[in-house]
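Down below is the structure, laid out as structure tokens.
Sequence lines set the chain letters: A, B, ... in the order given, protein chains first and strands last, and positions in each chain run from 1.
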There are 2 protein chains.
Amino acid sequence: MVPVTLDPPRRRLRATMLTSMSTSLHHRAVEHLGTRIVGGALPTGHVMLAEHLEDELNVSRSVVREAVRVLQSLGLVETIKRVGIRVLPAHRWNPFDPLVIRWRLAGEGRGAQLRSLAELRSAVEPVAAELAAGNAPESLRQELVGISLAMKEAGDAGDMPRFLDLDIRFHALVLSGSGNEMFANLIGQVTETLTGRTVHGLMPEHPQKQALQWHMDVAHAIDAGDGALARDAAAKIMRQTIAELSPSWDDQPRVFVPVSKN
Amino acid sequence: MVPVTLDPPRRRLRATMLTSMSTSLHHRAVEHLGTRIVGGALPTGHVMLAEHLEDELNVSRSVVREAVRVLQSLGLVETIKRVGIRVLPAHRWNPFDPLVIRWRLAGEGRGAQLRSLAELRSAVEPVAAELAAGNAPESLRQELVGISLAMKEAGDAGDMPRFLDLDIRFHALVLSGSGNEMFANLIGQVTETLTGRTVHGLMPEHPQKQALQWHMDVAHAIDAGDGALARDAAAKIMRQTIAELSPSWDDQPRVFVPVSKN
DNA sequence: GAGTTTTGATGTCAGCACACATCGGTGTCA
DNA sequence: TGACACCGATGTGTGCTGACATCAAAACTC
């Protein structure tokens, strides 16, 4: 439909795009370019022309420019006068941005991304538990104890869906209870790894008895205000988690970003 | 309609803007809005109109729109049809974005931001040292040993500027040597806290003898591939660092982000 | 009160003027 | 003749603007 004007100056036929509509053009453009860059379809150094992107995405210049500006702020591309839009090397990307993380998890960088997140968790959660023991509000401590008990119950009963829910909430509460905004911001990523682990069948059928105990240890230590104990118990959980997951990324090469001489 | 002339529809006089020019309008707009939001001048929930921003910044719609899109991707604002551009609460901001961090350090959130960064460092650096012991390339290990020795030299000699440079490079190498992209990405923030500590006179005149030894311990442990030793030595450095700095943020209230019920 | 219309803001488009790197041609000098 | 500096043409990002589309809040009608 909309054949109103035969072969208009631009042969772009926006009206015939029957898909989408759910999300804005801007959102789609960011998503399209982001996934292709992070996924590796557009290699480092690849140069695109804004006009070319207009045609490719069937959108106008404003949409392309706003999308490019966002990708620029994520460190995915840079714009150079008289040259075009250039894809930046991966070490320039902001590895903490939720969009970048999501795109990496969806593409070929999935293994390396999961490893990075797991290592970050293993670093942060023990410290978060320690801080929570010192700072968390009373209600949070009590909920934590309650959840750890419910986790044991669900674990012993083999109710894995319920266990997963509780597990997610447990770790979210620890991160939140630290009172550190950066730690709390990792809740989303942690949730992602926990669900991913279950979805991809990397979880044992029953949670380890030890792990259940460690979760209770963390909760009770936080409740009692014992930071060192909370930290050590959380560290044990993390060590076991890494041990469970590491086979899935053993083949991923590590990247060592050069440190500038200044 | 729209009486064409009559009292210039826009009294914007862009041409008279004799200042700036060094940076793009887009950059300035992002910076202006970002600092005012993060700095607290524009409170949570505050609603702006795009047109109003055009007048305020003396720029066109494209510049405002592109800037707003970037701020949106940082979680600082949301745009709502028929309402305007609304400032989001702080817990929606991306606390890992370099722009957000810089704006917080420049504004009233400085103390809380420094604490967050220090706690993040204290969590990450020991794990990074442990990973570096297992993964870092040979050349990096050797440079690390050399730097730790030079640090001791500069420290004993009381050459603080040189010590600061070496200190920064030392911690950057540890983070880089971990082979974890997220850790490596924290180099900039760590550098910021290290220089800030010196600039604000929070450093002792001579580095602690212990700290010098710990740095050497970390370097030698990484060089020898002893992860546990590297981790523990790095943890000691971090404990001392936190102890030195914590007085400067003791009065900052902690914020506990609520955890959604799902 | 429920449904409908109006209104006002963002979303999107396309054309223009400008700034400015890059490239290639031209001129000068050795 | 060859090397080098200059300079203008070209193309592309940057910025501005008017017009229209879209959509949700608010006002209105019944």
Side-chain angles (χ1 to χ4, degrees), chain A residues 1-2 4-5 7-17 20-33 46-73 77-88, chain B residues 1-5 8-33 46-73 77-88:
Chain A
M1 46 204 57
V2 189
V4 180
T5 55
D7 201 61
R10 292 256 164 163
R11 60 168 151 279
R12 189 183 301 160
L13 302 175
R14 229 174 313 278
T16 64
M17 296 288 296
S20 81
M21 211 114 80
S22 53
T23 59
S24 69
L25 293 180
H26 169 74
H27 187 73
R28 279 175 43 207
V30 169
E31 207 67 24
H32 177 91
L33 289 172
H46 180 78
V47 173
M48 300 164 289
L49 269 41
E51 190 184 345
H52 175 236
L53 292 178
E54 296 173 30
D55 296 343
E56 184 180 329
L57 301 174
N58 275 302
V59 294
S60 72
R61 275 191 40 220
S62 0
V63 175
V64 168
R65 293 196 40 177
E66 288 164 26
V68 167
R69 278 269 139 90
V70 169
L71 297 176
Q72 199 176 21
S73 84
V77 301
E78 65 181 346
T79 61
I80 309 172
K81 268 183 147 66
R82 165 77 204 187
V83 174
I85 299 148
R86 177 183 293 159
V87 177
L88 290 173
Chain B
M1 52 191 0
V2 184
V4 180
T5 46
R10 293 261 158 148
R11 58 166 150 280
R12 189 183 303 160
L13 304 174
R14 225 175 314 278
T16 65
M17 296 287 295
L18 35 89
T19 60
S20 81
M21 215 93 97
S22 52
T23 57
S24 69
L25 292 181
H26 169 73
H27 187 73
R28 279 174 44 206
V30 170
E31 206 67 24
H32 177 92
L33 289 171
H46 180 78
V47 173
M48 301 163 290
L49 268 43
E51 192 184 346
H52 175 239
L53 292 178
E54 297 173 29
D55 296 344
E56 185 181 329
L57 301 175
N58 276 301
V59 294
S60 71
R61 267 177 318 174
S62 18
V63 175
V64 168
R65 287 184 51 84
E66 287 164 27
V68 167
R69 280 268 139 91
V70 169
L71 297 176
Q72 197 177 23
S73 84
V77 301
E78 66 181 346
T79 61
I80 309 172
K81 268 188 147 72
R82 166 79 203 194
V83 174
I85 299 148
R86 176 182 294 159
V87 176
L88 290 174

task: Could you tell me the separation between the CG atom of A:Asn58 and the P atom of C:dA14, rounded to a whole number of Å?
output: 10 Å
- prompt: Residues two or more places apart in sequence or in another chain: which of them pass side chain to side chain donor-acceptor pair (under 3.5 Å) with A:His27?
  reply: none
- prompt: Partners of B:Arg86 by salt bridge (Lys or Arg N to Asp or Glu O under 4.0 Å), sequence neighbours excluded?
  reply: B:Glu78
- prompt: Given atom CZ of B:Arg28 and atom C1' of D:dG15, what is their separation to the nearest angstrom?
  reply: 12 Å
message: B:His32: which residues meet the side chain to side chain contact (heavy atoms under 4.5 Å, CB included) condition with it, sequence neighbours left out?
response: B:Arg36, B:Glu56, B:Leu57
Nearest-angstrom distance from the residue atom NE2 of B:His26 to C1' of D:dT14: 11 Å
query: D:dG15 C1' sits how many Å from A:Glu66 CD, rounded?
result: 13 Å
message: According to side chain to side chain donor-acceptor pair (under 3.5 Å), who are the partners of A:Glu31, at least two apart in sequence or on a separate chain?
response: A:Arg102, A:Trp103
- prompt: Atom CD of B:Gln72 and atom P of C:dG11: how far apart are they, to the nearest Å?
  reply: 7 Å
Strictly under 3.5 Å: I want the nitrogen or oxygen pairs between protein and nucleotides 16-18 of chain C, one per line.
residue	atom	partner	partner atom	Å
C:dC16	N4	A:Arg61	NH1	2.9

message: What is the separation between atom CG on A:Asp55 and atom C1' on C:dA14, rounded to the nearest whole Å?
response: 13 Å
query: In whole Å, what is the span from the CD atom of A:Glu54 to the P atom of C:dT12?
result: 14 Å
statement: For nucleotides 6-13 of chain D, 5' to 3', base contacts (B), sugar-phosphate-only contacts (S) and non-contacts (-) with protein non-hydrogen atoms under 4.0 Å give ----BBSS
